[in-house]
Amino acid sequence: MKHLFFILLLVPLGLTKGWAQQTTPAKQPVELKAGRMQAQAKPAANRPDVPPQFPGGAAGLNQFFQQNLKYPEAASVKQISGHVVMTFTVEADGHLTNPSVVQPLSPECDTEALRVLGQMPAWKPATRKGQPMPIQVRLPVPFGVSEGLQVEQGKPKFD
């Protein structure tokens with residue numbers, strides 16, 4: 001009788017342990033943030049050695065935004081300023097896919113950011129051991145009145 005009691009006590013513990021192992025969450029994709037990539041002694045298999053880069057680097061990206069980004073009139077009237085944070089995938093051939101707004105600012109600014117992202121030229125893809133690989137990128141798209149905008153200056157990390 002004592003053995004039956006212990007067996008009945010241990011069976012639910014074993015079932016919950018097995019169930020907990022089966023419900024592990026899926027891995028999130030690797031996401032690179034500007035200025036946060038650094039060399040690793042033993043990089044993971046899914047991490048690039050060289051990050052993706054806009055043609056012309058940060059200066060080229062800044063110039064692209066200045067030439068193509070139009071501040072929406074509705075946002076201008078409301079004096080909305082800030083960043084629309086976008087994510088997209090730079091494929092192995094450099095083309096951009098899966099654009100989405102992760103941190104919205106206003107519907108007008110979000111739409112404009114998606115439009116401009118659709119006009120971007122192909123990027124230089126990320127590489128791992130010399131082979132191009134797709135990688136997800138997070139990019140803030142600046143919006144605002146010119147008096148309130150501040151451009152962050154930094155030294156280039158790669159060419």
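Bear in mind that the values here come from a model prediction, so they are computed numbers and not experimental data. Numbering starts at 1 and runs along the sequence shown.
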Heavy-atom neighbours of Q119 CD exceed 12 at 6.0 Å: yes
Which pair of heavy atoms, one from [X] and one from [Y], lies closest together, and at what distance?
X	Y	result
A75	C109	CB-SG, 3.7 Å
P52	V137	CG-CG2, 3.6 Å
A126	I135	CB-CG2, 3.8 Å
L117	P99	CD2-CB, 3.4 Å
T111	P107	OG1-O, 2.8 Å

Say you draw a straight line from OG1 of T97 to CD of Q136; how long is it, rounded to the nearest 0.5 Å? 9.5 Å
From OG (S76) to CD (E108), nearest 0.5 Å: 11.0 Å
Stepwise side chain to side chain contact (heavy atoms under 4.5 Å, CB included) test for M86 and L96: CA-CA 12 Å; M86 309 285 298; L96 308 183; over 6 Å; no
Can V85 be reached from F143 by stepping across I, L, V, M, F, W or Y side chains whose heavy atoms are under 4.5 Å apart? no
Are V84 and F65 connected, step by step, through hydrophobic side chains (Ile, Leu, Val, Met, Phe, Trp, Tyr) whose heavy atoms are closer than 4.5 Å? yes
Residues at least two apart in sequence or cross-chain that pass side chain to side chain donor-acceptor pair (under 3.5 Å) with T127, listed by chain then number, are none
Determine, stepwise, if the pair V141 / L69 fulfils side chain to side chain contact (heavy atoms under 4.5 Å, CB included). CA-CA 9 Å; V141 179; L69 194 66; 4.0 Å; yes
Under the side chain to side chain contact (heavy atoms under 4.5 Å, CB included) test, which residues partner [X], sequence neighbours left out?
X	answer
K70	E112, R115
Q67	Q63
P104	V101, D110
P134	T89, E91, A92

Test item: M120 and L139 side chains (from C-beta on) under 4.5 Å apart, heavy atoms: yes
Give the ring-plane orientation class for F64 versus F54, where under 30° counts as parallel, over 60° as perpendicular and anything between as tilted. tilted
All pairs passing ring-ring contact (aromatic ring centres under 6.0 Å, His included) where residues 91-111 contributes a residue, at least two apart: none
